[in-house]
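Hydrogens, waters and symmetry mates play no part in the numbers below; they use all other heavy atoms, side chains included. Each chain gets a letter, A, B and so on, in the order its sequence line appears, and its residues count up from 1.
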Amino acid sequence: EDSNDFKLSLPEYLRYGRQLLLPPLGLSGQLRLKQSSVLVIGAGGLGSPALMYLVGSGVGTVGVVDGDVVDVSNLHRQVMYGGCEGKAKVEGAREYLKRLNPNVNLVIYEEHLTPNNSLDTLAPYDLILDCTDTPLTRYLISDTCVLLNRKPLISASALKLEGTLTHFLKGKEGPCYRCIFPRAPVGVETCGDSGVLGPVVGVMGVLQALEAIKFLGLGEKDRKEQEQEGTKMLLFGAWPEMTWRSIKMRPRKKDCVVCGENPTITLEVFRKGEVDYGAFCGGVGLHDGERL
Amino acid sequence: EDSNDFKLSLPEYLRYGRQLLLPPLGLSGQLRLKQSSVLVIGAGGLGSPALMYLVGSGVGTVGVVDGDVVDVSNLHRQVMYGGCEGKAKVEGAREYLKRLNPNVNLVIYEEHLTPNNSLDTLAPYDLILDCTDTPLTRYLISDTCVLLNRKPLISASALKLEGTLTHFLKGKEGPCYRCIFPRAPVGVETCGDSGVLGPVVGVMGVLQALEAIKFLGLGEKDRKEQEQEGTKMLLFGAWPEMTWRSIKMRPRKKDCVVCGENPTITLEVFRKGEVDYGAFCGGVGLHDGERL
Amino acid sequence: MSGSISVTLELSGGAELMFANTRLHTLEIPADLTLQSFLLYLADEKMTDKRRDLFIQGDTVRPGMLVLINDADWELEGEGEYVIQDRDVIHLISSLHGG
Amino acid sequence: MSGSISVTLELSGGAELMFANTRLHTLEIPADLTLQSFLLYLADEKMTDKRRDLFIQGDTVRPGMLVLINDADWELEGEGEYVIQDRDVIHLISSLHGG
Ligand SMILES: [Zn+2]
Ligand SMILES: [Zn+2]
């Protein structure tokens, strides 16, 4: 192969030298990162640090989806956006990330993810990061990943002084978001309502980047080994003492409405717009009040 | 009290609203942060994220000590410095952090910490963060903290795919760095030699900011409770699966050469420049080959 | 049904708010209790928030709540039919959605 | 001195490089062994790197290495005089200095 995709330039060697030295990554891992693409959905408290470290590491293509504008109340945790108040987050992210690493191909989506645009938006990427903050979008992203032939999904969340991290749709048998949470909760709290400490959401976003770099940089053999480990959910508590717990999760469920054996949420149903995420996330399903 | 130090302005309410909402912090905690000062020694892979989140949170005064210049090989982990190659790190940090939060009083020290400047540099601060990368400086910082009436010290380190975090000199009975490591190691590895993954050092730096915000924001009662907990060392491993361990450490040692009952490293000895950190960190002590 | 055993109840993600805002509880319970019965016992006897449906809906926990047994998802352990053992840690966590 | 017990040896911070670059070892050892004797046994029998002073200097571990017993600093447990128990986890960690 003679393509530049399969080589590093001298400036790239210099830039990535400190991670090229690491045995589990090495030059072949760095080349895998360069050939990879990742989509970060939500460029807020999780997305900011996730994007910084992903772009720093040299992932070849990084997509960013966000329809919001920077507000001064974001800045304690969305540390990319100093001086960007009033601008679109994706614009602030583009400026910052281009300055950090001009080698990375940035793809900007100045919009919220919706059932109308999600299939097309996610399809081109190797890996999806869910850095959003509403249940609606979390179900929409997971469903879209399932319908796109089980695209791997690294999802984090944070609120107040706690956070979680899960790699959904891992290998063939890993659960999707609905396998774990078949029914949507009602009246959930958001960071806007209930607050969050900056470094708490920050640490979860950095860990999303770490898991993404590990996943994208891994060779086939290491990846297979990771898949054998099953799915874990990492729980972080910041107060009063730091606590870290790794929870062993159920595998994929046979009766899951989207990734199970007889799914009711299929590509056809989804494409017709018949999955009502708005109503669903208010607790009322369009097809079946109990399950959707 | 009528001073502005004891109030928040409307812009500050808006900026810090999402952390003001949190019960363990609240308005009184935010005011304590505003009246606090923290010194970050080393503005590299640990210091970059630590500074971002500390400045974002509204700590009143933030000092930054670093004598280095930004190199392109730093950028994968020192994510503040996009576009700053060739500039002093402290200058890059100043520009970035001023843009992020103009309310914070930034104090810049464009120099390396040395036995000649360390007492004066650390003295004005409530809390010290050790974000450096050589054993020499780690002993120097800890000794200086002990000699300045046990100034609290939050120390992190990272290499390759691992990291550690420890709050030294916690309360009256917490150990100093020398209590844990009485003799210096020889031939240690640095991130330059051995490499480090960006998010690994990143996550440790964010956690330093978290512990600093908790410490500075706490009221007297909460702080006393934290001191009762004793000293823990957090160990993080990123590969192949993430591991988090919290280790219970020894208390302060009676025979510690700096914080013990009969110290040989005293303010007088230190001021005279008689503690030879250069030789010490090569494994040879000036006073006592065995202990120093 | 002989004797009693000791279990730790851990609450996080907001679930602690229904139980006196306390994250760790040590409870003495009868031996041979199923997890299902234990959850109903918690709802009937231990919950301090009186809005029972914040915790239990129908005969299981409300949507968005996870039940963990010794750091494993309860679905791996038989869910409600799991018989609680001495010194088990039962952890209830409300899912977080912020970001 | 009767019978043998099982211990887990965990290595990190670079200490694993002296032991076949393997982080976790399960070892059968004689009962009633002190931690001091165990460390010497590791140096004599289990270390794959032949530079013994990377691990042991004099009669203790080299500067910069921490010894942990079941997630506690060995100084809290009597250091070398601690008698190893069945199923103990002994963790050796080299201090990290990078940043
Ligand atoms: Zn599913
Ligand atoms: Zn000491």
Side-chain angles (χ1 to χ4, degrees), chain A residues 11 14-25 49 52-53 56-58 72-77 79 81-83 96-101 160-161 191-200 202-203 206-207 209-211 213-214 222 225-226 229 232 234 238-244 246, chain B residues 11 14-22 24-25 49 52-53 55-58 72-77 79 81-83 96-101 160-161 191-200 202-203 206-207 209-211 213-214 222 225-226 229 232 234 238-244 246:
Chain A
L14 294 175
R15 176 180 286 267
Y16 306 123
R18 296 305 175 273
Q19 66 191 40
L20 274 169
L21 289 165
L22 295 172
L25 200 64
M52 289 173 171
Y53 287 95
S57 78
V72 72
S73 67
N74 300 150
L75 296 179
H76 77 113
R77 65 190 190 280
V79 294
Y81 300 130
Y96 181 96
L97 298 169
K98 269 289 161 208
R99 222 164 31 229
L100 180 62
N101 191 352
K160 297 185 185 174
L161 296 152
C191 292
D193 303 334
S194 306
V196 66
L197 206 59
V200 170
V203 83
V206 178
L207 292 176
L210 171 62
E211 291 301 297
I213 292 168
K214 283 163 61 181
D222 283 331
E225 270 174 31
Q226 295 262 321
E229 296 285 340
K232 304 272 177 74
L234 182 70
W239 180 267
E241 297 225 296
M242 276 200 255
T243 54
W244 295 93
S246 180
Chain B
L14 295 175
R15 177 180 286 266
Y16 306 123
R18 295 305 175 270
Q19 65 191 40
L20 275 168
L21 289 165
L22 295 172
L25 201 65
M52 290 172 169
Y53 287 95
V55 167
S57 77
V72 71
S73 69
N74 300 149
L75 296 178
H76 77 114
R77 65 190 190 280
V79 293
Y81 300 130
Y96 180 95
L97 298 170
K98 269 289 160 206
R99 221 166 30 231
L100 180 60
N101 191 351
K160 297 183 186 176
L161 295 153
C191 293
D193 303 334
S194 307
V196 67
L197 207 59
V200 171
V203 83
V206 178
L207 291 176
L210 172 61
E211 290 301 296
I213 292 167
K214 282 164 61 181
D222 283 330
E225 271 173 31
Q226 295 261 321
E229 296 285 341
K232 304 273 179 72
L234 183 70
W239 179 267
E241 296 225 293
M242 274 201 257
T243 54
W244 295 93
S246 180

- Task: Report the residue from B:R15, B:M52, B:Q19 that forms a side-chain contact (heavy atoms from CB on, under 4.5 Å) with A:H76.
- Result: B:Q19
- side chain to side chain contact (heavy atoms under 4.5 Å, CB included) between B:V79 and A:Y96, intermediate numbers included: CA-CA 10 Å; B:V79 293; A:Y96 181 96; 4.0 Å; yes
- Message: Distance check, rounded to the nearest 0.5 Å: A:Y81 atom OH versus B:L100 atom CG?
- Response: 12.5 Å
- Which atoms of A:K98 come close to chain B, meaning under 4.5 Å heavy atom to heavy atom: side chain ones, backbone ones, both, or neither? neither
- Query: Do you know which two heavy atoms are closest between B:G202 and A:Y53, and how far apart they sit?
  - Reply: CA-OH, 3.4 Å
- Message: What I'd like to find out is whether the side chain of A:P199 reaches to under 4.5 Å of the side chain of B:V206, using heavy atoms alone.
- Response: yes
- Item | Least distance between heavy atoms, A:L197 atom then B:L22 atom | N-CD1, 3.5 Å
- Of all the heavy-atom pairs spanning B:A238 and A:L210, show the shortest one and how long it is. CB-CD2, 3.9 Å
- Item | Closest non-hydrogen atom pair between B:P24 and A:L161, with its separation | CG-CD1, 3.3 Å
- Could you look at A:L97 and say if it's the side chain, the backbone, both or neither that has a heavy atom under 4.5 Å from chain B? neither
- Message: Closer than 3.5 angstrom, by distance alone: can the side chain of B:Q226 be matched with the main-chain N or O of A:P240 as a donor-acceptor pair?
- Response: yes
- Item | Portion of A:S194 that has a non-hydrogen atom of chain B nearer than 4.5 angstrom | backbone
- Atom group of A:E211 that falls short of 4.5 Å from chain B, counting heavy atoms: side chain
- Option in A:L14, A:N101, A:V196 with maximal non-hydrogen atom pairs under 4.5 Å from chain B: A:V196
- Task: Considering non-hydrogen atoms only, spot the tightest contact between B:M242 and A:K214 and give its length.
- Result: N-NZ, 4.1 Å
- Which class fits the ring pair A:W244 and B:W244: parallel under 30°, tilted 30 to 60°, perpendicular over 60°? parallel
- Note on the structure: Bottom line for A:L20: the part with an atom under 4.5 Å from chain B's heavy atoms is neither
